[in-house]
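Accompanying notes for the structure given below.
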Amino acid sequence: MDGMPMKTPAGPDAMSASATEPSTFHFTSPGPEPTSSMLWNWETIDACFLSKSWQIKSRGGFAGLCIGVILLVVLLELLRRVSKMYDKYLIHQHQKRIAHVVSAANSSSETANGSLITKNHRYSVSAVPFRPSFWQQAIRALLHTLQFALAYWIMLLAMYYNGYIIICIIIGAFIGSFIFQWEPIGSR
């Protein structure tokens, strides 16, 4: 670093800045500085989320952010539902495949060797365990990863402790749960 010019603060604060903080320089960008408080706040305009480039500059922009947050949480609930439905689909396909094999085995064992007497052993569909194939598990893992990433983004938005954003997260959770978890309850 020898030979490199060093910038020093200028103006009336030059002496106090160099005496208390010799290596600290504060550069400001043109325009209002975005605010991102880690304390509970109700900031709307000039609030900054996730990066300095994501600065809210108008009420319409903040309204768009609120709607977007609600939709993100609803999308998370949709992904949870899709994951659950995919698991049910895989189990249903497995049970159909096994039922076909079991019915073929039961019908062939009844008349084996020309016997007209039925045998007492029957094969059960529910006793056969199911393990997804490689690609089925890859799809399940992808759905889980999407849920995890989306939930993490929502958590990062909540960590700004903006009251409006937290209310939007709660509204999105209510709407998403209402739409995508509305299904029969109990055993089938």
Side-chain angles (χ1 to χ4, degrees), residues 1 4 6-7 9 13 16-18 20-93 130-186:
M1 303 218 4
M4 291 181 69
M6 296 284 287
K7 291 186 179 183
D13 295 325
S16 65
S18 63
T20 58
E21 302 172 329
S23 63
T24 303
F25 297 99
H26 298 284
F27 297 100
T28 59
S29 60
E33 187 67 24
T35 60
S36 60
S37 175
M38 295 303 284
L39 301 173
W40 187 264
N41 67 81
W42 295 94
E43 298 290 325
T44 55
I45 298 177
D46 291 330
C48 190
F49 295 94
L50 299 178
S51 73
K52 283 194 176 194
S53 63
W54 192 357
Q55 181 181 4
I56 307 303
K57 299 181 190 231
S58 68
R59 289 179 186 227
F62 192 77
L65 172 68
C66 288
I67 292 169
V69 168
I70 290 170
L71 292 176
L72 275 177
V73 181
V74 169
L75 179 63
L76 177 61
E77 292 298 326
L78 171 66
L79 280 172
R80 288 179 178 158
R81 175 66 182 250
V82 167
S83 182
K84 187 190 306 185
M85 289 174 58
Y86 184 66
D87 285 349
K88 285 181 181 180
Y89 168 77
L90 292 178
I91 291 169
H92 180 71
Q93 289 298 100
F130 173 67
R131 181 177 177 146
S133 71
F134 176 82
W135 292 110
Q136 291 170 338
Q137 184 62 23
I139 292 170
R140 292 178 76 225
L142 176 66
L143 288 170
H144 174 76
T145 303
L146 291 173
Q147 287 178 52
F148 186 83
L150 192 56
Y152 192 74
W153 278 87
I154 293 167
M155 185 269 315
L156 285 175
L157 287 168
M159 292 303 292
Y160 282 94
Y161 298 105
N162 185 298
Y164 297 112
I165 299 302
I166 291 174
I167 289 170
C168 289
I169 290 170
I170 293 167
I171 290 170
F174 175 80
I175 293 170
S177 176
F178 186 84
I179 294 170
F180 298 113
Q181 291 185 15
W182 195 351
E183 58 188 351
I185 300 173

Under 3.5 Å, which donor-acceptor pairs do the side chains of residues 137-158 form with other protein atoms, sequence neighbours left out?
from   : atom 1 : to     : atom 2 : distance (Å)
Gln137 : OE1    : Arg140 : NH1    : 2.8
Arg140 : NE     : Asp87  : OD1    : 2.7
Thr145 : OG1    : Ala141 : O      : 2.8

Donor-acceptor contacts under 3.5 Å from residues 163-176 side chains, at least two apart:
none

Side-chain donor-acceptor contacts of residues 69-85 below 3.5 Å, not counting sequence neighbours, with atom names and distances?
from  : atom 1 : to     : atom 2 : distance (Å)
Glu77 : OE1    : Gln181 : NE2    : 3.2
Glu77 : OE2    : Arg80  : NH1    : 2.9
Arg81 : NH1    : Phe180 : O      : 2.6
Lys84 : NZ     : Glu183 : OE2    : 3.0

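Under the rule for a ring-ring contact (aromatic ring centres under 6.0 Å, His included), the partners of Trp182 that lie at least two apart in sequence or sit in another chain are Phe178.
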- Task: Check step by step if side chain to side chain contact (heavy atoms under 4.5 Å, CB included) holds for Phe62 and Lys57.
- Result: CA-CA 8 Å; Phe62 192 77; Lys57 299 181 190 231; over 6 Å; no
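Applying the salt bridge (Lys or Arg N to Asp or Glu O under 4.0 Å) definition to pairs two or more places apart or across chains, none involves residues 155-169.
In this structure, Ile45 and Arg59 approach most closely via the heavy-atom pair CD1-CG, 3.8 Å.
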